Amino acid sequence: MTAQSMSQPSVEAAVQSALTASLHPTHLEIVNESHLHAGHRGSPGTGDSHFRVVIVSADFVGLSRIARHRLVNRALAHLMGKPIHALALDTSAPGDHRD
Amino acid sequence: MSEQAVHDWIRKTVASNDVVVFMKGTKNFPQCGFSGQVAQILGHVGVDYKDVNVLEDMGIREGIKSFSDWPTIPQLYVKGEFVGGCDIIREMFQQGELTQLLDEKHVPYDKSKLTA
């Protein structure tokens, strides 16, 4: 384990390992946006509650947006609700047209 | 209300309204950034819709997730069909697919707003 991964917050690391194992992404970004939501209604205030995931996976080829999001949501089901309060998703397949 | 009764109520609600958003807060007073984004997009498109504030009913707040097998709120329904959550609606709007869907489903919206 590298020094960088050692210093990752545990929720972020859990998201990364779950998505890597189930969807074999060719690109994966996990951004902790919890600080943007600190203090808003319903925010748990843990600092590990709001995440944005940008993921590119060949598993998404030919799938609708709903189906892609469902794959991600299922892979992270054990984390949804608690500790993850909100999850913004940007899902694409290699070769998808990007604006 | 049992989960079954909640699902029946949801089914009836999305069947009797062309466009329904299950959200935190109301269209005029959203209480979550993601729900607010959806309200803003639908307002921009100029489509009439029914807002259901899930914060007012714990049964609906949980029941809508099992109804659609979708773990997050907001959720948009058009003519009884689940369309997606905030990110999907924003992407569809940006690519012109949201108004395309409304056209296909014969749901009226204010076309003058989009060209203005």
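All figures in this text were calculated on a predicted structure; none of them were measured in a lab. When reading the values below, keep in mind they use all heavy atoms of this one structure, side chains included, and skip hydrogens, waters and symmetry mates.
Proximity to chain A is limited to the side chain of B/Glu97, based on heavy atoms less than 4.5 angstrom apart. Only the side chain of B/Lys24 comes within less than 4.5 Å of a heavy atom of chain A; its backbone N, CA, C and O stay farther away. Residue contact with chain B, scored on non-hydrogen atoms closer than 4.5 Å, is absent for A/Arg68.
Under the 6.0 Å cut-off for aromatic ring centres, B/Phe67 and B/Phe82 do not qualify, their centroids lying 6.0 Å or more apart.
Between B/Phe93 and B/His44, the angle of the ring planes goes over 60°, which puts this pair in the perpendicular group of the 30/60° scheme.
If you tally non-hydrogen atom pairs under 4.5 Å between each of A/His69, A/Arg74, A/Met80 and chain B, the highest count goes to A/His69.
The structure places CG of B/Leu98 at 6.5 Å from CG of B/Leu42, a figure rounded to the nearest 0.5 Å.
Counting heavy-atom neighbours within 6.0 Å of B/Asp8 CG, excluding the residue itself, gives a total above 12.
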